Amino acid sequence: MPEHNGPLLGLDFGERRIGIAVLGESGLAPQGVATLRNGETGPDWDGFARILKEWQPRALVLGLPLHMDGSEGFMVGRVRKFAESLQRRFPLPIHWVDERLSSHAAELVLKDRDFSPKKRGRLLDQAAACEILWTFHNARGDA
């Protein structure tokens, strides 16, 4: 399925929250869009539907939480299972990116901006999704 024009959506999957960011076609800078809940009953699929309808992305970029040595751990399986469910519901191309340090990098960015710890906590998942998009964009050079 060829990708149409439109932005990329980056997803930072977590067991309790999923951060979402968008990177427009210009590739200037990703921005946080939302943090959706995730939990025992699964992700907020209605929230995903609203975001996808609003942004009309050409593809999704998901982070793979690899171990520092590059091996796959417990969370990689959960992310892949989530991606399968996501693709069944919303048939968009999915790209993968190594996100080993995305949350750490996002935390540093938020600290540098002098956000309070409470605000950093609210924005961390979206900021990690932004880092995932930057990593993908920089690796491809033409996102």
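These numbers were taken from a predicted model, which means no experiment stands behind them.
- Nearest heavy-atom pair, Cys130 versus Gly32, reported as atom, atom and distance to 0.1 Å: SG-N, 3.6 Å.
- Applying the ring-ring contact (aromatic ring centres under 6.0 Å, His included) rule to Trp45 yields the partners Phe48, Phe82; only residues at least two apart in sequence or on another chain are considered.
- Shown here for Pro7 and Val22, the closest heavy-atom pair between the two residues is CB-CG2, 3.5 Å.
- Residue Asp44 comes nearest to Gly47 through the heavy atom pair OD1-N, 2.8 Å, listed as atom of the first residue, atom of the second, then distance.
- Here the shortest heavy-atom pairing between Thr135 and Asp98 reads CG2-O, 4.1 Å.
- The closest side-chain heavy-atom distance from Leu36 to Pro43 is not below 4.5 Å.
- A search for side-chain hydrogen bond (donor to acceptor under 3.5 Å, both in side chains) contacts involving Arg50 returns nothing, not counting sequence neighbours.
- Here the side chain of Arg88 pairs no donor or acceptor atom with the backbone of Ala83 at under 3.5 angstrom.
- Rounded to the nearest 0.5 Å, atoms CG (Leu86) and CG (Leu11) are 6.5 Å apart.
- When all heavy atoms are compared, the tightest approach of Arg80 to Trp96 is CA-CH2, 4.1 Å.
- When all heavy atoms of Val79 and Gly63 are compared, the closest pair comes out as CG1-O, 3.6 Å.
- Between Ile18 atom CD1 and Leu62 atom CG the span is 9.0 Å, to the nearest 0.5 Å.
- One distance of note links CH2 of Trp55 with CG of Leu9; it measures 8.0 Å at 0.5 Å rounding.
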### Message
Go through it in stages, so that I can follow the logic: the residues are Asn38 and Arg17, the test is side chain to side chain contact (heavy atoms under 4.5 Å, CB included), and I'd like the CA-CA distance, side-chain angles, deciding distance and then a yes or no.
### Response
CA-CA 5 Å; Asn38 190 22; Arg17 293 176 306 278; 5.8 Å; no

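- For Arg89, the side-chain hydrogen bond (donor to acceptor under 3.5 Å, both in side chains) criterion is met by no residue, not counting sequence neighbours.
- Note that the CD1 atom of Ile51 and the CD atom of Gln56 stand 13.0 Å from one another [nearest 0.5 Å].
- Not one N or O on the side chain of Gln87 forms a donor-acceptor pair closer than 3.5 Å with the backbone of Glu84.
- The structure places CZ of Phe136 at 12.0 Å from CD1 of Ile132, a figure rounded to the nearest 0.5 Å.
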### Message
Run the side chain to side chain contact (heavy atoms under 4.5 Å, CB included) test on Leu23 and His137 for me, step by step, so that the C-alpha distance in whole Å, both residues' side-chain angles and the decisive distance to 0.1 Å come before the verdict.
### Response
CA-CA 9 Å; Leu23 179 64; His137 177 70; 3.8 Å; yes

### Task
Walk me through it: do Leu52 and Leu92 pass the test side chain to side chain contact (heavy atoms under 4.5 Å, CB included)?
CA-CA 10 Å; Leu52 293 174; Leu92 288 166; 3.9 Å; yes

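- Glu40 CD to Glu15 CD: the interatomic distance, rounded to the nearest 0.5 Å, is 10.5 Å.
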